[in-house]
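Heads up, the thing below is written out as structure tokens.
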Amino acid sequence: MPSESIMRFVEALRRDGDLASIDAEVDPHLEVAAIIRRVYEQRAKAPLFNNVKGARNGLYRILGAPGGLSSDPKFPYRRLARQLALPGDATLGDVIDKMLSAKKSQPLPPVHVATGPCKENIILGNDVDLTKLPNPLLNRADGGDYIQTLGINIVQHPTQDWTNWSIARAMVTDKNKMVGLIMKPQHIARLFDAWKKSGSGRDIPYAIALGAPPIATMAASMPLPAGVSEAEYVGALCGSPLELVKCETNDMYVPANSEIVLEGTISISETAKEGPFGEMHGYSFLDENSQQPIYNVTAITHRNDAILPVCVPGRSSLGPDETHTMIGTLASAEMRQLLQDAGLPVTQVFTPYETQVIWAAVQVDRKRLAEMGTNAQELCNKIGSLVFRHKAGMQVHRLLVVGDDIDPFDFNDVTWAYATRCRPYLDEFHFEDVPAYPLVPYMSHGTGTKLTGGKVVANCLLPAEYKGQQEWVTCDFENGYPEEIKKKVLSRWADFGL
Ligand SMILES: Cc1cc2c3c(c1C)C(C)(C)C[C@H]1C[C@@H](C)[C@]4(C(=O)NC(=O)N=C4N2C[C@H](O)[C@H](O)[C@H](O)COP(=O)(O)O)N31
Ligand SMILES: [K+]
Ligand SMILES: [Mn+2]
């Protein structure tokens, strides 16, 4: 069973020797975030802060970098593996396969239970005071304390049977108010518009489940198709229904063993200034602030000694954080599914961390490619049209189409193919009429349009490969020498004292 709670996940990290349990007092105003940011960059143990300055009555402890790379270089993705009950040596390919494994299964709806750990403490109405919580300031340029970076935003469609789970940032603005980014084409924005169009004039009931079961948080970070209730997909993934409990002040349901639950309504009329926020591409633009919807908070419920998981987004080439290991990897899963469903000979898709998950390598099976009798122009336009016009491809601005001699998870491989086989101009296929990802710095702060275009498919296959021929020998130890020579070299390597 995947870690069905943050507590079980923390125990798994402790068993792996991948947890630093810190009892010394730490300051949520920048100090906690600075430690977490350095943990990503140094690939250090996941920090569990048990003594956050200003915490009281069990609100709250902080767990940093739950989806960062593990501190054991032999098992870099072990934290993601523990969240999905995969073996510790799982690869990113295993994570992608696991998250896609329920695509053909029947959705398995959650079950409603009377109570659960998240109901151990209930704070209602006037007793709700968010400003009394040790909310973390994550970056010196941030416009507020972002309490919501790894919780699940739970919102229902006003009329259809669709409850969406996603992650959307939110910062505290008042004792019972937050403001959060609700950005098209995300499902939360689509549902927000559906509520406004419904004409009911009512504000939108929501819940944010902080410290929900890790596999639920993974599904919340995954661009599953519109209309799919993530909770049902998670049930199918686990082979058993998730247990949900009803909110105190509205009809939303949340995972029973969430650490902390915020309940309330999202205003369909009132907004407030949101941001700046140190974002997933490694920038916090000082002018970045927009009017975003207000989240009213009518109740807080939580487990005793609750733990708030926190993500501190930033530069991923130094060490990826959850906006790369989860957003990038899970979008890669959906992009692979999309291309395979279209009958293309695509074997893997991955967004390299070295590119802030703005690029994606698309690996094709060259034997099957040759059977298609196609060419770069045709293939790249087909792939670009599919991916760039689909929500799963929203955050990707450059696709690199590579052969199956290239490992999409190995950036050395990907750049070697890109640098040597993609002729600038002739091998690049541009898309200016597709939705852009507004948070990409050269879109938000560049010279061109901000909401469309700036996307390209780079063909990294030589013409002969489209005919199934590899007209070269790769010059590296692996490929440049016969097996018996390689064996001989390896057997004498130590003797030579190399
Ligand atoms: C894992 C993760 C995913 C995030 C975010 C974060 C983390 C850690 C934090 C909060 C740290 C940073 C920002 C970054 C920002 C992108 C955003 C967000 O504020 N607004 C948004 O619209 N999408 C975000 N996502 C991606 C989103 O969850 C996925 O795209 C998911 O598929 C959406 O679910 P639906 O498909 O059902 O629509 N945040
Ligand atoms: K989702
Ligand atoms: Mn969704």
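What's counted below: heavy atoms across the whole structure, side chains too, no hydrogens, waters or symmetry copies. As the structure lists them, so they are numbered: ligands from 1, and atoms in each ligand from 1.
Contact annotation: for Met394 versus ligand 1, there are no heavy atoms closer than 4.0 Å. Counting heavy atoms under 4.0 Å from ligand 1, residue Cys311 touches it through the side chain alone. Of all the heavy atoms of Met183, the ones lying under 4.0 Å from any atom of ligand 1 belong exclusively to the side chain.
Remark: Lys132 engages Asp129 in a salt bridge, criterion side-chain N to carboxylate O under 4.0 Å. Arg315 has no carboxylate O lying under 4.0 Å from a charged side-chain N of Glu41, or vice versa, which leaves the two without a salt bridge.
Per-residue contacts place Ala168 under 4.0 angstrom from the following atoms of ligand 1 (heavy atoms of the residue considered): 18 (C), 19 (O), 20 (N). In summary, the atoms of ligand 1 found under 4.0 Å from a heavy atom of Glu230, numbered by their order in the structure, are 37 (O).
Scanning the protein heavy atoms around atom 4 (C) of ligand 1, the nearest turns out to be Ile327 CD1, 3.5 Å. Here the protein heavy atom with the shortest distance to atom 24 (C) of ligand 1 is Ile167 O, 3.2 Å. Scanning the protein for heavy atoms near atom 35 (P) of ligand 1, the closest one is His187 ND1, 3.5 Å.
Distances between N or O atoms of Lys391 and those of ligand 1 include at least one value under 3.5 Å. Where the criterion is an N or O separation shorter than 3.5 Å, residue side chain and backbone included, Arg169 meets it with respect to ligand 1.
When the shell of 6.0 Å around CD of Glu248 is examined, it contains more than 12 heavy atoms from other residues, nucleotides or ligands.
Protein atoms of type N, O or S found under 3.4 Å from the K ion (ligand 2) total 5.
Minimum-distance N/O/S atom of His187 relative to the Mn ion (ligand 3): ND1.
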Expected list for residues 204-223: side-chain donor-acceptor pairs under 3.5 angstrom, two or more places apart:
from	atom 1	to	atom 2	distance (Å)
Tyr206	OH	Asn296	O	3.0
Thr217	OG1	Pro213	O	3.4
Ser221	OG	Thr217	O	2.8

